[in-house]
Amino acid sequence: MSEEALPGGKGFFGWEGNLYVWCIMALNMMLSWVLSMVENFWDMHEIERAVKILADDFLRMEVEKVEFLEMPTYEETKVSYERDYAPYAG
């Protein structure tokens, strides 16, 4: 068995480990990138699915479409507060 095949041996380009571990790390990085790209869609899909299930089970309503509201970011909320309410808050 070669030294490169042993865990902890001198491996790919002198890296401590072996080619198998390096490939797993690279695959993990690529998978993380792909998941981050589709994560927002999956989250919205799962929320929509959960709303439909809850409405059907507990309210006995059939929901055809779930609409998502645009929520302001923290920064937008802070600016709005400082502009509209802070002068009157005292």
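In this chain, numbering begins with 1 at the start of the sequence shown.
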N/O donor-acceptor pairs under 3.5 Å from side chains in residues 69-79, not counting sequence neighbours:
residue	atom	partner	partner atom	Å
Thr73	OG1	Glu76	N	3.2
Glu76	OE1	Thr73	N	2.9
Thr77	OG1	Thr73	O	2.9

Residues in salt bridge (charged side-chain N to carboxylate O under 4.0 Å, His left out) contact with Glu67, at least two apart in sequence or another chain: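 For Glu67, no residue satisfies salt bridge (charged side-chain N to carboxylate O under 4.0 Å, His left out) once neighbours in sequence are set aside.
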Determine which pairs satisfy salt bridge (charged side-chain N to carboxylate O under 4.0 Å, His left out) with at least one residue from residues 47-56, sequence neighbours left out, and list them in order.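 Found Glu46-Arg49, Glu48-Lys52.
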By side chain to side chain contact (heavy atoms under 4.5 Å, CB included) - contacts of Ile47 (at least two apart):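 Expected list: Val51, Phe68.
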With sequence neighbours excluded, residues passing side-chain hydrogen bond (donor to acceptor under 3.5 Å, both in side chains) with Asp57: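 Once residues adjacent in sequence are excluded, Asp57 has no partner under the side-chain hydrogen bond (donor to acceptor under 3.5 Å, both in side chains) criterion.
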